[in-house]
Enquirer: 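Here's a structure for you.
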Amino acid sequence: MSVVSLSTIRSRFATQINTLTGFDESRNPFDGYGRSPNTIAHQRFAVGIGSVSSRDDDRQKQSSGVMAETEVRVRYAYRIRPKDQVSSYDGGLQSAQNLITALTNRTSPLHDDLQIRFSGMDNELSDSGEWLSLTLNFLIIHFLSLS
């Protein structure tokens, strides 16, 4: 397995999600997503890198890098229609399922030199009931460069 940088992983995830109908990448980074009302839109998403740690069972070599476990987080909003909230909520959950399927389906270039596993999902309805905020977490095993 060759080394893959953190920015490349983030970019690959964003590119793959952009291929799905209706999804659009936010101009704001993951950590800034949702801080202002104009960043929220139906299926607008942000991809961020969470924790990164080395694998204890791997030796760190200058020539091959270090085997790392990296958390990738995807956050997006799904519009809840006022007169059809339960159906809209189900639509949001289905969109999450579609996203999980697209990101775990072993395709190139997303999976090149990466092992991607879905690790969990959190969702929260906004106080106004207008938006469902979904955050998907993935665990990536890959090599980071040491040179």
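All figures in this text were calculated on a predicted structure; none of them were measured in a lab.
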Enquirer: Using the side-chain contact (heavy atoms from CB on, under 4.5 Å) rule, take Phe138 and Glu71 through it: C-alpha gap first, then chi angles, then the decisive distance, then the call.
Expert: CA-CA 6 Å; Phe138 297 86; Glu71 179 186 36; over 6 Å; no
Enquirer: Identify whether NZ of Lys or CZ of Arg in Arg75 sits under 6.0 Å from the centre of the six-membered ring of Phe30 and within 45° of that ring's axis.
Expert: yes
Enquirer: Between Leu110 and Ala102, what is the shortest heavy-atom contact and its length?
Expert: CD2-O, 4.3 Å
Enquirer: The test is side-chain contact (heavy atoms from CB on, under 4.5 Å); show your working for Leu114 and Arg12 and say whether it passes.
Expert: CA-CA 11 Å; Leu114 303 176; Arg12 285 185 191 176; 3.6 Å; yes
Enquirer: Can you tell me how far apart CD (Glu69) and CG (Leu139) are? Round to the nearest 0.5 Å.
Expert: 5.0 Å
Enquirer: Under a 4.0 Å N-O cut-off, is there an ion pair linking Glu25 with Arg44?
Expert: no
Enquirer: Please assess Ile17 against Leu99 for the test side-chain contact (heavy atoms from CB on, under 4.5 Å), listing each intermediate value before the final yes or no.
Expert: CA-CA 7 Å; Ile17 297 168; Leu99 207 149; 4.1 Å; yes
Enquirer: Does the pair Val86 and Asp84 meet the rule for a side-chain contact (heavy atoms from CB on, under 4.5 Å), with working shown?
Expert: CA-CA 6 Å; Val86 173; Asp84 197 8; 5.6 Å; no
Enquirer: Take Asp90 and Gln94 through the side-chain hydrogen bond (donor to acceptor under 3.5 Å, both in side chains) test and state the conclusion after the steps.
Expert: CA-CA 6 Å; Asp90 287 344; Gln94 184 59 51; over 6 Å; no
Enquirer: Can you confirm if the aromatic rings of Tyr89 and Tyr78 lie within a centre distance of less than 6.0 Å?
Expert: no
Enquirer: Please report the shortest heavy-atom distance between Val52 and Thr70, naming the atom on each side.
Expert: CG1-OG1, 3.6 Å
Enquirer: side-chain hydrogen bond (donor to acceptor under 3.5 Å, both in side chains), that's the test. Do Ser5 and Thr8 meet it? Break it down for me.
Expert: CA-CA 5 Å; Ser5 72; Thr8 298; 2.8 Å; yes
